[in-house]
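Accompanying notes for the structure given below.
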Amino acid sequence: MLLAVTAAALAAPVALLRRGLVSTAESVGALGLVLTALDAYALHRVALPGTDGTAYAAVAAGVLAGVWAGYGGLLRGLRLPLPAAVAAAQFPLPLGALAAGGGPAAVAWAAVLTAAADLVLAARPGGLAVRVTAGASAGVLAAGALLTGGWFSVTAPWTGAPLLGGCAALCLYAVRVARAAAPGLAAVAGLAGVAAAGGLLRAALPVEWAVPAYVVCGLAVAALWRPLPAVRVPAGVRAGFGLAGGGVAALGVVWALPPVPAGLLGPADRSAGVWSGAHAEPLLGGYPATAAAVLLLGAVGAAASGLLWGRWGGVVLGWALLMALPVVLQLSHAAGLAVRLVATAAALALAVRPGVAARGLAGPARPARAATERPAGAWGASWTAGAAAAPVEPGALFGLTGLAAGTASAGSALLLSLDVRAATFAVLGVLLGLFVAAAVLGAGGVRATAAGCAVLAAAGLVGAGAAAAGLAPSTAGLVLLLVPAGTAALAARFRSATAAAVEVTGVAVGAVALALTVPRPAVLALALASAGLIAAGTALRPERRRAGAWAAGALFLAAAWVRLAVWGVTVPEAYTLPLTVPALAVGFLRRRRDPSASSWVAYGPGLAATLLPSLAAVWAAPSGARPLLLGAGALAVTLLGARFRLQAPLLLGGTVLALVGLHELAPYAVRLVGALPRWLPPAAAGLLLLAVGATYERRLREARLLRERLARMR
């Protein structure tokens with residue numbers, strides 16, 4: 001009965017197609033195909049119940065595929081039978097291998113053979129549905145075989161390697177079918193090849209050489225992205241090889257990177273103390289020494305790529321290799337210092353000659369390829385765009401890279417040298433020489449930065465000498481002022497951007513020196529006076545006259561205040577007023593002779609000499625008539641500044657008056673707030689915010705007007 005219904009369902013589309021009822025014929029034909037599958041199932045259940053189910057399913061799938069293919073060939077008007085035949089044809093070989101007792105490898109090989117047949121079918125001209133079904137089926141079967149081969153490459157490499165090779169061949173053949181996907185297919189083929197060869201090498205080598213083995217295979221595949229003179233390989237395929245091999249090598253480099261920060265920052269551990277002779281344990285002990293080999297392979301591979309960014313990456317990886325060596329090889333303290341200093345010297349050598357380094361590393365520019373030579377698809381085009389474009393400014397890239405690497409390795413070497421006194425002096429001396437050489441030979445920002453680092457190295461030598469002599473920190477601060485004095489002299493002799501960098505670094509060292517003397521006020525006063533002398537000497541230069549004069553005046557004034565505090569003076573006005581009066585008189589004469597002179601230059605120093613020390617005395621010891629007198633004097637100065645439109649008296653006097661008023665009214669305000677209900681202050685603050693918000697634009701105009709008026713003052 002079922003066979004009769006099946007025959008009727010398969011025959012009906014013939015008449016329907018003759019009448020032009022295509023959709024109805026498609027529906028009835030699909031029903032007929034389903035009924036043939038039911039017939040095969042019924043035959044097994046009724047007539048052949050003892051037959052092995054897997055073997056029967058394999059045979060039945062093959063028979064159904066043949067029947068459906070013949071049926072679709074006879075009735076060309078039906079679109080479903082031929083794709084259905086292709087789908088059924090996917091099962092005979094894998095199910096047959098499984099029924100024959102084959103393991104996962106046999107089933108995977110059957111899938112590979114079936115996928116190969118699918119690709120042959122997909123490459124032939126024919127119906128789109130058949131080609132799409134064959135291509136999709138091939139992709140599913142190949143993915144399963146790839147996963148199986150990858151698993152075998154780990155557990156049984158000699159079984160997985162041929163299987164992965166077959167999958168790689170499938171992917172490369174599939175390029176003929178889908179040219180637009182050539183880079184992706186070639187990338188999968190390259191990964192399969194790396195897994196196959198890497199699995200064999202991993203099985204033959206010790207376990208710590210597994211990652212280098214895969215990296216070697218990855219670099220070998222990545223090398224195929226370059227055109228071969230004897231073999232014409234599509235550009236998309238070469239791009240996929242480069243992507244796959246480069247990705248594997250990049251993963252290997254990532255695995256090898258942890259020793260780099262460990263080697264760079266490990267010396268920062270100072271738990272053992274400075275100059276203790278004891279060395280801290282490495283931050284990353286026991287890491288495989290083959291990490292150094294991986295970094296070396298990565299550096300060589302990147303440098304051999306022929307691309308600017310690849311060669312730049314080779315430089316970075318070469319420096320990373322030197323930073324990782326002390327960790328992975330467990331070098332001694334002296335050897336670790338030597339390696340870091342070598343890294344510093346090499347990096348600075350790259351930084352000081354950016355032009356030569358770029359010409360030697362970036363290679364000649366190549367002309368852009370013709371459109372016919374570009375890889376298929378946007379993926380391959382983007383991959384090879386770097387090879388086609390000529391580098392614009394490689395010198396700056398290498399210069400900055402070398403400078404950053406050299407500075408980082410120099411800091412690491414210095415931190416490591418703090419374990420031993422002699423090593424500290426030796427490393428500081430070497431760094432001083434290296435940075436001086438870089439400042440002399442370099443150019444632009446490299447020269448300025450190297451000069452600043454040389455000043456820091458000199459300051460380190462001075463500080464280390466003071467510490468070795470057993471000087472107290474405050475005394476060492478005085479000695480350290482020799483550095484800003486020397487930088488000021490150098491800046492006066494060589495007036496350039498480099499000299500400015502030296503001078504700025506010297507100022508920073510001077511600030512550290514002053515900070516060291518703070519615990520001893522008497523020494524601090526001497527240090528401030530010495531710094532004032534240096535600033536005064538700097539003010540002799542025309543381009544530094546204004547800044548140097550202000551700095552010298554501030555430092556001398558601060559030195560005087562500190563000295564008065566050391567002497568226990570409680571009435572600073574007795575010392576400041578005699579200076580303020582002649583200073584204001586000089587300022588008045590300056591303004592009469594030059595009305596365009598700023599009030600800050602004319603009256604600022606004289607007013608600050610009295611107002612600021614008195615303000616400090618009010619806040620330090622609020623007693624007697626000083627707050628009242630200072631407030632009255634500040635009010636008078638403020639009114640005079642407003643009357644004569646002088647910015648310095650107005651702002652200085654107003655600021656001092658406000659601070660004195662705040663100091664005097666603060667206790668009463670605290671008492672008042674404590675006596676008020678708790679809800680009143682938040683409510684008042686809310687009302688104030690509402691008032692300000694409601695008049696925001698008006699207040700903004702008033703603030704802008706006030707700023708303009710202040711700007712017009714002298």
How close do [X] and [Y] get, counting heavy atoms only, and between which atoms?
| X | Y | result |
| --- | --- | --- |
| Leu434 | Ala345 | CD2-CB, 4.0 Å |
| Val215 | Gly252 | CG2-CA, 3.8 Å |
| Leu481 | Ser530 | CD1-CB, 3.9 Å |
| Arg546 | Val601 | NH1-CG2, 4.1 Å |
| Trp561 | Ala609 | NE1-O, 4.1 Å |
| Gly399 | Ala351 | O-CB, 3.5 Å |

Where the side chain of [X] meets the backbone of [Y], is there a donor-acceptor pair that is under 3.5 Å apart?
| X | Y | value |
| --- | --- | --- |
| Thr655 | Leu652 | no |
| Thr449 | Val446 | no |
| Thr475 | Leu471 | no |
| Thr538 | Ile534 | yes |
| Trp225 | Ala239 | no |
| Thr424 | Ser417 | yes |
| His333 | Leu416 | yes |
| Thr344 | Ala410 | yes |
| Arg447 | Ala439 | yes |

Measuring from [X]:[atom1] to [Y]:[atom2], what's the distance to the nearest 0.5 Å?
| X | Y | atom1 | atom2 | answer |
| --- | --- | --- | --- | --- |
| Leu341 | Leu322 | CG | CG | 11.5 Å |
| Leu612 | Leu557 | CG | CG | 7.5 Å |
| Ser305 | Trp312 | OG | CH2 | 12.5 Å |
| Leu348 | Thr407 | CG | OG1 | 6.5 Å |
| Leu524 | Leu528 | CG | CG | 4.5 Å |
| Leu659 | Leu611 | CG | CG | 11.0 Å |

Within the 4.5 Å heavy-atom criterion, are [X] and [Y] side-chain neighbours or not?
| X | Y | result |
| --- | --- | --- |
| Val430 | Val427 | no |
| Tyr603 | Val586 | no |
| Val248 | Val221 | no |
| Val211 | Thr290 | no |

Taking [atom1] in [X] as the centre, count heavy atoms belonging to other residues, nucleotides or ligands within less than 6.0 Å. Is the count above 12?
| X | atom1 | result |
| --- | --- | --- |
| Arg541 | CZ | yes |
| Trp550 | CH2 | yes |
| Arg520 | CZ | no |

| task | Please test Cys217 against Leu201 for side-chain contact (heavy atoms from CB on, under 4.5 Å), starting from the C-alpha separation and ending with a verdict. | result | CA-CA 9 Å; Cys217 297; Leu201 290 176; 3.7 Å; yes
| task | Go through the steps to decide whether Trp275 and Val420 satisfy the test side-chain contact (heavy atoms from CB on, under 4.5 Å), and finish with yes or no. | result | CA-CA 4 Å; Trp275 293 351; Val420 181; 5.9 Å; no
| request: Evaluate the criterion side-chain contact (heavy atoms from CB on, under 4.5 Å) for residue pair Trp319 and Leu264; output intermediate values, then yes/no. | output: CA-CA 11 Å; Trp319 173 82; Leu264 186 64; 4.2 Å; yes
| request: Evaluate the side-chain contact (heavy atoms from CB on, under 4.5 Å) criterion for residues Thr487 and Thr505: first the C-alpha distance (whole Å), next the side-chain angles of each, then the deciding distance (0.1 Å), finally the verdict. | output: CA-CA 8 Å; Thr487 57; Thr505 310; over 6 Å; no
| message | If we count only N and O atoms by modelled type, under 3.5 Å, do the side chains of Thr517 and Ser474 hold a donor and an acceptor together? | response | no
| Any chance the side chains of Arg340 and Ser412 put a donor and an acceptor closer than 3.5 Å? | yes
| Between Tyr287 and Trp255, is the gap from one ring center to the other below 6.0 Å? | yes
